[in-house]
Every structure is written in C-alpha cells, then in structure tokens.
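Notes follow once the structure below has been shown.
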Protein chains: 2
Amino acid sequence: MVVPRLIERKRSGQALRDDEWRELVAGYTAGTVPDYQMSALLMAVMFKGLTHQELAALTGAMLDSGARFTRTAGGAPRVDKHSTGGVGDKTSLILAPLLAACGVAVPMMSGRGLGHTGGTLDKLEAIPGFTTQLSLEAAARQLDDIGVVMLGQTEEIVPADRKLYALRDVTGTVESIPLITASIMSKKLAEALDGLVLDVKVGSGAFIPEPARARELARTMVAVGERAGCRTVALLTAMDRPLGRTAGNALEVREAVEALKGEGRADLLEVTLALGVAMLRLARPAVTAAEAMSTLRDTIASGAALERMAVLVERQGGDPRVLSRPELLPVAPVRRELTAAEQFTMPPLSPRAVGELIVELGGGRRIASDTVNPAVGIEFPVMAGAPVDGDAQWAVIHAQNEAAADHAGRVLRELLDEASRSGGDILPLVMETISAGDLEPPEGA
Amino acid sequence: MVVPRLIERKRSGQALRDDEWRELVAGYTAGTVPDYQMSALLMAVMFKGLTHQELAALTGAMLDSGARFTRTAGGAPRVDKHSTGGVGDKTSLILAPLLAACGVAVPMMSGRGLGHTGGTLDKLEAIPGFTTQLSLEAAARQLDDIGVVMLGQTEEIVPADRKLYALRDVTGTVESIPLITASIMSKKLAEALDGLVLDVKVGSGAFIPEPARARELARTMVAVGERAGCRTVALLTAMDRPLGRTAGNALEVREAVEALKGEGRADLLEVTLALGVAMLRLARPAVTAAEAMSTLRDTIASGAALERMAVLVERQGGDPRVLSRPELLPVAPVRRELTAAEQFTMPPLSPRAVGELIVELGGGRRIASDTVNPAVGIEFPVMAGAPVDGDAQWAVIHAQNEAAADHAGRVLRELLDEASRSGGDILPLVMETISAGDLEPPEGA
C-alpha cells in the first residue's frame, strides 16, 4: 500500500479496493498512516464520494478497529434507533424502555449534545445518579438482564471513528454523506443488531437541512446497514421547529416520562410512535403497522413502559423516584413565562436558534469539553400551527439567573417575530420512510 | 484565523483573502498550522483551484517565508529561465553562460533530477569539482563579479515551499496548476529578476503532457510573474522525445559544451535559441527577435559564450579543462552501440521510458536521497524524423557494466519497436509563446 497513490486514485474518482480501505483504516488507527495523509484522502472523498462497495468496506474496516457487543444465538431480537440530531428530541428516552417492554432488546449507544443539538447522554444524566459510562461487558450483561441499556460510546468501540471524527472536525471534512454514514453505521453495527431505525432530520435545524440531501444520507445509511446484514429503515422527520414541548435536559426527561405515562403531546407522540412502529416491525417482521401501533399504545397504557424505565434508571444508578416525583429532577432558579397581548398562531421557531439559546443558558456545549447545566431550558406550551390565546403563555424560560432569563426572553421574542413574519409552512412531522425496497439495485446487479 | 473554517470556505469554492493566505503560510512555516490541516486545504485547492488574486497572495506569502537575492540599483538586467522538466534538456547549461556573455545577469537556481526527468544540478556536478551549494551571499557576489551563477535552492530561500512540496509529495496533491505555479514562481521571484522565461514542456514526457493544461500552467505562471512585477514569457516546447543527442549527466555536459562551441545539433539549438531570444528580449526590450538571434549566434561564434562557461566552471570549483578535453568528464566503463539491419525512420522515443531507463542505469533518482552516477546515459545519434541507414548506430548506451548495457539494449529495442509501430507525428519543437499580452484582463478589470 503506497498511500499517496491511493490518495491520487481517490482524487481522480477511482474506487479503492476493500483491502486498501482495510489497510488504510488499520494503519490510521495504529498510527502508521499519518493524519496529513488521511485528511487529504478525506478531502478527496468529500469531492469524489464513495461507491456503495467502498462505503461498506470503509464502514467494515472501522467496525473492525474495535470491540463489539457480543451476541449469543437466540434471545430477543435486537433493535436500536439513531437520530442525526435535533432540538427537543427526547424520543430515545421513550423508545428504549417502550420497546424493551415489548420484548425487544435495545442496546442504545448514544452521544452528547454539541452545538445547537442535544444529546441523549446529557438528558439521561439529568436524572440524579444516572451513569452512562458502562463497560461493554456490563452493558451486555444489563441488556441480557433487563432488555435495555443506554450508554456512551466506550473506548473499546470503533476507535477508528473517534480518531477520524476528531480529524474531520479540524480539517473541514465533516459534511460528507459517505463519511457521516461510515461514522454512524460503524458504531451502530458494533451493537450487533437485527434491525436499526434511523431518524434522519430534515429542515433548518437538521445537520443536513435539505430534503434531497437528507434523503441521500438516509438511502446511503440503509444501503450500508442492509449490506452488513442489519435490516435498516430510515424515517425522514421534521426539524423545522423543536420537537415536543420542551428543550433542555431535565425538562426533556420530564416530558419523556409524561409520554411514558400516556400524557405525551401529539407532535412528540407522532414521531416517537412512527419510529417505534418501525423498530417493532424490524424485530417482528410478521406484524403489521397497525398491530405494532396497538402494541406500543397498549404497552404505554398498561404502565409496562414506565415500569421498564424505572428498572433501567435504577440499574444504571439513577434515582427512580424522579418518575413519580419530577420535582426531584434539577430545577432552574428562575422561571419566566412569556405571553403576548393578542391571539396569534404559533409559528415554527428556528430549532437552530432555540438550540443555540439553550447553549447560551448553559444547557448545551459550544465545545466538547464544556459542562452542561441540566436544569435550564425552554418550554413551548403550544404546538407550531396552533393558536395562542391573548395573555396565554407561549414560552417558559428556565434559567440560572434573572439576567439570563432577560436575555432569553429578548431572543425568543425576536425569534417569534421573525418566524411570524416569514410565515412559511410547517413540515409534516413524519415525511417519508426509506427501506431496502426503495433502494436502486446494488452496483453490478 | 480559524483554520477549519478557511478549509471549508476553500472547499466550497470561495476565495480566501490575502491576509488569510499570509497567515496560513506563515503559520504552516512556523509549525502552528499542522500538516493535516494544510494537506486538507491543498486537496481542496486541487479541486477548486485558486483565483489569480489568491495565487498571487499564496506565492507572495511563500516568497516572504525566506530570504531573496539582493538587488542593487542599476547594474545589468537580470533574467533567468526555468523548465518544467524533461529528458535530455541541457538548455540551461548553454543559456546561462551565453546570456551572461551577452551582458545579462543570470542568477540560476535549479533543482535535481527526480523520477524520469533530469536536473541541472546533477549535470553540473558531472564536472569534476563543480559545486552547486553556494550561500546566497556567495552567489550574489559571484553574480556581480561574472554575471552568472548556477546553484541549488539554499536553505534560506522559500522554506515554505520546501515544507509544502514535501507534504504535497506524500498526500497526492502534486499535480495542481496553482500549486505548481506557486512553488516555481515563489523560488524564481526570490531571484529578484527583471525577466523570466518559462520553458513549459508538452508531450508524453512532460510533467503535464496535454497541451491545453500545459498552456493553462504557462498562462497562470505568466500572470503571477507579471503581477509580481517580473516580466514573464512562457514557451511551450516539445517533450514527446528526448531533447538533443544525449541523455545522462556527463553526456549532456559534453553536448552543451559542443553547442557553446557552435557544434550543437539542430533540435537542441532550436529550443535553446528560442529560449535565449526570449531571455535577451526581456533584458533589452528594444531588441527585435532577429537581432537577438544574431547576437546569440555571434556570441557563440566569437567564443565568448564558451569563455564565460570556463569562467563559471572555474569560479564554482570545477575543472575548466573539461571544456577542451571532454574525456576528463566521467566515462562509463561499457559503451554499447545499437544498430539495425535495415534503413528506417527514427521515431520519437518515449522520453518517460528513456528517463526511467537512465534511472535504471544509475543516472537518475527514484527517491530524492538516491545518489547519481554521472557517467551513464544514452546517445541518440539521429534526430526523430530523420532516416537511419542500415547498420548505422541509432543509439549508444553508456553503462556501468555489461548486464546493465544488455538490459538497456533490450529496453531500447522494445521502445523503438513500439514507437515505430505507433507511428505518430512528432511535435514541433517550439510550439507556442505566451506573454502578458496573451492573458485575459485580470479579474475585476
């Protein structure tokens, strides 16, 4: 392997062979392929893309750089879901215990919030005592025992991705569909899944806002998953406004718990149940969508989903009393209600701006090493598209101090003005489902 | 300056500002911009190019990374020529003393051979005792004293280029017209020239074989030179066969000396004098092409050019007796003549293949640290397109041993067969001249 020749070939649009990708990734992980060659190659990939064959090889090579969840024969079907990241998206907190209560094993490795998007780990850690730092061994044991585990990426899993991601972050090579795909899918495939549901966000707050490119990402991820023997379905869902009633870590835990109790608001439930139906049908292919929906609703109504959440919280060191007494979650010192004098229709507020405001309030991260204040955040009592009565609350700010609440109030009023002026339609919450059948036949078929 | 944002802007086709290029190059030279960011940026430049403004800024920033030749007011006009590299190209060895003998100051910084192309420094060092490692100070003094100096790039000159070139070499980012231009022009501008003639080779043995891209390189280099206040002219010349009668370091010195004595073969003279006319006219803008040609021919005929060569050789520690006694140059132990039974027309032999054969004979470099055997090489007694009589020599191999000569004979016979079969026309030796008047008006004009 002469790395400069491989870079030149990729640069001129040729595909590299499977063994070349394996050697490149293994060499990079081991340190024999230096950063400066890998970053040049990644930039060439940004311009020339990867074939499905190359992408499968790259993903496989990354997967092989570390350990995976063990998988014993038989046992419950194993399904996970992954989102490309949004604001107010607490679906994972609902889906993991809900699907586990339906008999599906859910080994959910998640990330932290960065920039305007939130992260499942930060939300979970708003629960006093909850730990997300589990060894792969402990996680596998918990999965066997209670059917669900929610953890951060361990050191052992896909070290190549950690190294590559850090390099991409400083070399302008983040926004590449094949590189994003390889990063996500190598980690998800390390969970040794039967099925994977991808929630690909679309709209101004999404990592990839344009529907066409988001669809391309979805199709690419589905192709890679299927090729690796993991049944994969992608849903395109709306991120043109925050999802659900709350944004901010402890607030979102409260909202997720409400949903597990059957009190979820329609917008949150619509997305959550669409993802849940897809997950359940991957676990049990014979089940219809309507049957899956009934099962999920029944599992919530019976209290089984909430109960599984309690078991999960307790097992990972958290205080399960928060499920019945949400006031035990961190509470911000200042609560500020925003009202308007006259009735208006709630417009879709920019999720990016809302997410950035939460970072300003201390509830998110500008850089990975920032610490997060779990208590702060914003509630939006009225769904986008619904009327807000005169003098009714349209936002509630949870801030660390008065000055921060003042600032947040100003920003939110500006956002409301801006959004009201620009008028635009709101996106349907669940826009499209992409599964193996929607893909073009593979190359050479 | 946030480097990843600059990389992203370049990647998306935006131009960086002058101050951004200055900071990038200064940071890279100082080590604060790491290799992995620079290589990603260079790859983005490969795809998105540079505007003339950017290229001027990059070239200027590279130039500013080191020292330059001093230039006192008045004195002889200062002109150099640079070639993009070929096989058998010994024009520099003729032009430097010839132009100096015409009253032009020639501060010629050259490179070494690498891969299939030869290098002026290696040729000069075939002269016993000749040193090309001069300090900038010594070189400037010699230029003042005798009007000509031929040296290697010193440590002090354009350190940014040395670092960037080494990085490009290992990251698949060599073949970029703007990057090639910045590399060449930053070094040439460090000579503080009044004029520069560029010999841009075209044809299978050229660094950029295709005429259209070679023309683009020529125009780009002319634009950068003119923008920096150095009058610049480019000639496109043929590299579809080796230039002149010999390829190999000592053999080429012999041929150059013959040319300085007025015994140069027509093909070598045609290219050399076309470059020389362009150089002389940059030094003395009032002179016509015909007058310049006469001056050059007279300066050879009078012996003044050869005399200046003797002064140059002696001043740089070489043995000037080689000019009258070429047998004092290194001679290879084995001399092998190739003949054919029947008459044929000499086809253009692949310069790349001939150059690689010379590397195999030990007369060139695979990697920069290889040492070179100055004695070995190949003579081609008959010009491409001319008839070779039955039993007449069409090639003479100078090799270190019988086995190497056997191998070279086999390779050359194959090359001859191949070239004879494919037939193709030969390129005109001097194809095109590009000067400032041939450029489009600058952006924004």
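Each chain gets a letter, A, B and so on, in the order its sequence line appears, and its residues count up from 1.
Contact detail for B:V33 and B:M1: the closest heavy-atom pair is CG2-CE, 4.1 Å. Of all non-hydrogen atoms in B:V222 and B:L198, the two that sit nearest each other are N-CD1, 4.4 Å. Across all their heavy atoms, A:L415 and A:A353 have their closest contact at CD2-CB, 3.3 Å. B:A214 and B:V200 get closest at one heavy-atom pair: O-CG1, 3.6 Å.
Looking at A:V3, there are no atoms closer than 4.5 Å to chain B (heavy atoms on both sides), in backbone or side chain. Proximity to chain B (any heavy atom under 4.5 Å) is restricted, for A:L167, to the side chain, taken from C-beta onward. Only the side chain of A:M46 comes within less than 4.5 Å of a heavy atom of chain B; its backbone N, CA, C and O stay farther away.
Under the side chain to side chain contact (heavy atoms under 4.5 Å, CB included) criterion, B:A404 pairs with B:L361, B:A399, B:N401, sequence neighbours left out.
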If you check both backbone and side chains, which donor-acceptor pairs between chain A and chain B fall under 3.5 Å?
{"unit_1": "A:R11", "atom_1": "NH1", "unit_2": "B:G172", "atom_2": "O", "d": "2.5"}
{"unit_1": "A:R11", "atom_1": "NH1", "unit_2": "B:E175", "atom_2": "OE1", "d": "3.1"}
{"unit_1": "A:R11", "atom_1": "NH2", "unit_2": "B:E175", "atom_2": "OE1", "d": "3.4"}
{"unit_1": "A:Y36", "atom_1": "O", "unit_2": "B:S39", "atom_2": "OG", "d": "2.6"}
{"unit_1": "A:Q37", "atom_1": "NE2", "unit_2": "B:V170", "atom_2": "O", "d": "2.8"}
{"unit_1": "A:S39", "atom_1": "OG", "unit_2": "B:Y36", "atom_2": "O", "d": "2.6"}
{"unit_1": "A:S39", "atom_1": "OG", "unit_2": "B:S39", "atom_2": "OG", "d": "2.7"}
{"unit_1": "A:V170", "atom_1": "O", "unit_2": "B:Q37", "atom_2": "NE2", "d": "2.8"}
{"unit_1": "A:G172", "atom_1": "O", "unit_2": "B:R11", "atom_2": "NH1", "d": "2.5"}
{"unit_1": "A:E175", "atom_1": "OE1", "unit_2": "B:R11", "atom_2": "NH1", "d": "3.2"}
{"unit_1": "A:E175", "atom_1": "OE1", "unit_2": "B:R11", "atom_2": "NH2", "d": "3.4"}

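Using a 4.5 Å cut-off on side-chain heavy atoms (C-beta onward), B:V45 and B:P178 make contact. Between A:L41 and A:L6 there is no side-chain heavy-atom pair separated by less than 4.5 Å.
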